[in-house]
Amino acid sequence: MEFVSYKDSEGREVWLNPRLVSLIVALGDAACRVHLGADGHTVELRAAAAEVAKGVAAAAEPPPPPDPTMNLLS
């Protein structure tokens, strides 16, 4: 698993786990809020939402292969 590094709204370095990112909300052209899978767990970043989404998508692990038994008809 790769982590993605950004600067938060206070200038501190933040490392995001792409698997936990559930929503990215733009806060203007140069900032965004990233929701980390649970209510109240957010971080505001000094980066455009599109840039963050691209970095998160590039570092995300591919989904597991489908379970072939789920395709059986009863």
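All values below were derived from every heavy atom in this structure, side-chain atoms included, with hydrogens, water molecules and symmetry-related copies excluded. Here the structure is a predicted model, which is why all the values come from computation and not from measurement. We number each residue from 1, following the sequence as shown.
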side-chain hydrogen bond (donor to acceptor under 3.5 Å, both in side chains) involving S5 - partner list, sequence neighbours excluded: E13

Fellow cluster residues of L23, listed by chain then number, with links counted only when side-chain atoms sit under 4.5 Å apart: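 Its cluster partners, ordered by chain and number, are V25.
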
Distance (rounded to the nearest 0.5 Å) between E2 CD and R19 CZ: 13.0 Å

Same apolar cluster: F3 and V43, side chain cutoff 4.5 Å: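 Not linked; separate clusters.
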
Path from L36 to V14 over hydrophobic side-chain contacts below 4.5 Å: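 Yes, L36 and V14 fall within the same hydrophobic cluster.
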
Contact check, side chains of L45 and L16, non-hydrogen atoms, under 4.5 Å: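 With C-beta onward as the side chain, the pair touches.
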
Heavy-atom pair of closest approach, residues S22 and G37: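 Closest heavy-atom pair between S22 and G37: OG-N, 3.2 Å.
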
With sequence neighbours excluded, residues passing side chain to side chain contact (heavy atoms under 4.5 Å, CB included) with A47: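 Residues passing side chain to side chain contact (heavy atoms under 4.5 Å, CB included) with A47: Y6, E51, V52.
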
Sequence neighbours excluded, every pair satisfying side-chain hydrogen bond (donor to acceptor under 3.5 Å, both in side chains) that has a member inside residues 26-37: R33-E44

